[in-house]
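Input: a single structure, listed below in structure tokens.
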Amino acid sequence: QVQLVESGGGLVQAGGSLRLSCLASGRAFSWSALGWFRQALGKEREVVAAISRNGGTTSYADSVKGRFTISRDNAKNAVYLQMNSLKPEDTAVYYCAAKEVAIVRMLPSSYDYWGQGTQVTVSS
């Protein structure tokens, strides 16, 4: 089992940056692939970025490539999302998720464990 808690969301102007953190409890964290997802009001949950168990492989949604970076620190049971050049369309609740597999997963339905989410609002 993995329990996930996100932090770092907030209100930022367009062009600004935020760094989201997700801290995990449970020994399965280091065995898990991890992902960041987001859900805007009235829209379906979508993938933002994902990272493999050992951190060697990452994958991004086209809409965030070149702006967002996912990373993990297995010693700290943490996964991060560095978000730069934020746009109003990045406004959403951001969730981290875990799946006890080695390789990257990009579909929300692939993940077993979810955090409660953190709100990111980008003003124009």
Side-chain angles (χ1 to χ4, degrees):
Q1 289 250 344
V2 179
Q3 293 80 43
L4 304 167
V5 179
E6 303 95 336
S7 63
L11 174 64
V12 63
Q13 288 188 331
S17 298
L18 283 174
R19 188 190 193 213
L20 304 184
S21 299
C22 177
L23 296 182
S25 59
R27 60 183 182 179
F29 177 85
S30 60
W31 306 340
S32 299
L34 303 167
W36 282 99
F37 294 81
R38 66 187 181 187
Q39 188 165 16
L41 197 62
K43 295 187 177 181
E44 292 187 354
R45 192 169 297 188
E46 62 178 8
V47 66
V48 175
I51 189 166
S52 60
R53 178 191 295 174
N54 66 2
T57 302
T58 58
S59 188
Y60 296 89
D62 288 342
S63 58
V64 306
K65 281 181 181 176
R67 300 189 298 124
F68 291 11
T69 303
I70 188 171
S71 61
R72 66 187 294 166
D73 186 338
N74 285 349
K76 296 182 178 179
N77 273 18
V79 59
Y80 307 101
L81 186 69
Q82 178 66 44
M83 305 187 295
N84 299 327
S85 302
L86 282 161
K87 305 175 181 179
E89 51 264 43
D90 295 318
T91 295
V93 177
Y94 283 69
Y95 301 88
C96 66
K99 170 74 174 178
E100 292 181 53
V101 294
I103 62 175
V104 164
R105 292 284 190 269
M106 298 295 281
L107 294 177
S109 58
S110 299
Y111 285 79
D112 298 319
Y113 306 107
W114 292 85
Q116 294 300 306
T118 185
Q119 176 71 47
V120 171
T121 303
V122 184
S123 63
S124 57

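Since we're looking at a predicted model, the values are computed, not measured. Start at 1 with the first residue, then count along the sequence.
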[X] (side chain) donor-acceptor with [Y] (main chain) under 3.5 angstrom:
| X | Y | answer |
| --- | --- | --- |
| R19 | Q82 | no |
| T58 | I51 | no |
| E46 | R38 | no |
| D73 | A78 | no |
| E6 | Q116 | yes |

Hydrophobic cluster membership, with links at side-chain heavy-atom distances under 4.5 Å among I/L/V/M/F/W/Y: are [X] and [Y] in one?
| X | Y | result |
| --- | --- | --- |
| L86 | V48 | yes |
| V64 | M83 | yes |
| L20 | V122 | yes |
| V47 | Y111 | yes |

| query | Can a salt bridge be assigned to the pair D90 and K87 using a cut-off of 4.0 Å between side-chain N and carboxylate O? | reply |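 Judged by the 4.0 Å cut-off on N to carboxylate O distance, D90 and K87 do not form a salt bridge.
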
Measure the spacing between [atom1] of [X] and [atom2] of [Y] and express it to the nearest 0.5 Å.
| X | Y | atom1 | atom2 | answer |
| --- | --- | --- | --- | --- |
| N77 | R72 | CG | CZ | 9.0 Å |
| T118 | L18 | OG1 | CG | 9.0 Å |
| L34 | L81 | CG | CG | 12.0 Å |
| Y94 | C22 | OH | SG | 15.0 Å |
| F68 | S85 | CZ | OG | 9.0 Å |
| L41 | T91 | CG | OG1 | 10.5 Å |

Test item: [X] and [Y] side chains (from C-beta on) under 4.5 Å apart, heavy atoms:
| X | Y | value |
| --- | --- | --- |
| Y95 | L4 | no |
| S32 | K99 | no |
| R67 | Y60 | no |
| I103 | S52 | no |

If you look at every heavy atom in [X] and [Y], which pair is closest and at what distance?
| X | Y | answer |
| --- | --- | --- |
| S71 | V79 | O-CG2, 3.2 Å |
| A50 | M106 | CB-SD, 3.7 Å |
| F29 | A24 | CD1-CB, 3.2 Å |
| Q119 | A92 | NE2-O, 3.4 Å |

| Test log, rule side-chain contact (heavy atoms from CB on, under 4.5 Å), inputs V2 and W31 | CA-CA 10 Å; V2 179; W31 306 340; over 6 Å; no

| request: Using the six-membered ring wherever Trp is involved, compare the ring planes of W114 and F37 and label them parallel, tilted or perpendicular (cut-offs 30° and 60°). | output: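 It falls in the tilted class, 30° to 60°.
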
